[in-house]
Amino acid sequence: MMTEPRFTWKCSYMGTVDYMVTDDTGTYFAELRHSVDSYELSLANGDGVRADWKSSIGILRRRNCIRRADGSYSFEVPPETVDAFNAWCLQRYRESMAHLESQPERYGFIPPDDPIRKPPILARGGDYRFGEHAWEVTHAFA
């Protein structure tokens, strides 16, 4: 029996957002990098880390790797959890916009081109290619 995945925002910092995820595989932290700026890149410990950060943009991944049954290691979030995450983010975005728009006396008029209207980034599933300093997309959004 499959449980509906649950998500809780935990922290946002320097282009990355952390979530607590509960799905059929357990409860764990997941990260979604939405950007990497020049300041962050200046702090990176080498070109490998820079490549890692750049290739991870848009990939929902476990914060810590797990050991698979075949003995390999993975950061991959199950595809059905990635799809549920995207639906959850979209729902939160719609609720937030509806809340802001329902109270113009409090929040003012929000023009169509206001950055707050930008929909959330849709996550993809992915896994780390060890030794290559790169993330590989394994599941595009549904």
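This chain uses plain numbering: 1 for the first residue, then up along the sequence. As the structure is a computational prediction, the values presented were derived from the model and not from experiment.
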>> Let's go through Phe75 and Ile66 carefully: what are the C-alpha distance in whole Å and the side-chain angles of both, what is the deciding distance for side-chain contact (heavy atoms from CB on, under 4.5 Å) to 0.1 Å, and is it a yes or a no?
In response: CA-CA 6 Å; Phe75 290 89; Ile66 57 168; over 6 Å; no
Looking at [X] and [Y], does any basic side-chain N land under 4.0 Å from a carboxylate oxygen?
X	Y	answer
Arg33	Glu40	yes
Arg117	Asp114	no
Asp127	Arg62	no

For a 4.5 angstrom cut-off between non-hydrogen side-chain atoms, does [X] reach [Y]?
X	Y	result
Pro78	Asp23	yes
Glu76	Thr138	yes
Phe85	Leu32	yes
Phe130	Tyr73	yes
Ile59	Val137	yes
Met20	Thr27	yes
Tyr13	Asp18	no
Glu95	His99	no

>> Are Leu122 and Val77 linked, directly or through intermediate hydrophobic residues, by side-chain heavy-atom contacts shorter than 4.5 Å (ILVMFWY only)?
In response: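 Different clusters: Val77 never reaches Leu122 through Ile, Leu, Val, Met, Phe, Trp or Tyr contacts under 4.5 Å.
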With rounding to the nearest 0.5 Å, note down the distance linking [atom1] in [X] to [atom2] in [Y].
X	Y	atom1	atom2	answer
Thr16	Ile57	OG1	CD1	9.0 Å
Cys89	Leu60	SG	CG	8.5 Å
Arg6	Glu4	CZ	CD	10.0 Å
Ile121	Tyr93	CD1	OH	14.5 Å
Cys65	Tyr128	SG	OH	11.5 Å
Ser96	Ile116	OG	CD1	6.0 Å

> What do the steps show when you test His34 against Val17 for side-chain contact (heavy atoms from CB on, under 4.5 Å), and what is the final call?
Replying inline: CA-CA 8 Å; His34 56 83; Val17 184; 3.9 Å; yes
Would you confirm whether [X], through its side chain, and [Y], through its main-chain N or O, come within 3.5 Å as a donor-acceptor pair?
X	Y	result
Ser42	Tyr39	yes
Ser55	Ala51	yes
Asp52	Ala134	no

> Between Trp88 and Tyr19, is the ring centre distance below 6.0 Å?
Replying inline: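 Centroid distance Trp88-Tyr19: below 6.0 Å, so yes.
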> Could you go step by step and tell me if Trp53 and Leu41 meet the side-chain contact (heavy atoms from CB on, under 4.5 Å) rule?
Replying inline: CA-CA 8 Å; Trp53 289 351; Leu41 294 173; 4.2 Å; yes
>> Tell me if the CG atom of Asp37 is crowded by more than 12 foreign heavy atoms within 6.0 Å.
In response: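 Yes, the 6.0 Å shell around CG holds more than 12 heavy atoms from other groups.
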> Any chance CZ of Arg106 has more than 12 other-residue heavy atoms, nucleotides or ligands included, within less than 6.0 Å?
Replying inline: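 For Arg106, atom CZ is not crowded (no more than 12 foreign heavy atoms under 6.0 Å).
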> What is the minimum heavy-atom distance between Arg68 and Ser74, and which atoms define it?
Replying inline: NH2-OG, 2.9 Å
> Asn86 and Ala123: which non-hydrogen atoms are nearest, and at how many Å?
Replying inline: OD1-N, 2.7 Å
>> Could you go through Phe29 and Val21, starting from their C-alpha distance and side-chain angles, then the distance that decides it, and tell me whether this counts as side-chain contact (heavy atoms from CB on, under 4.5 Å)?
In response: CA-CA 6 Å; Phe29 282 101; Val21 178; over 6 Å; no
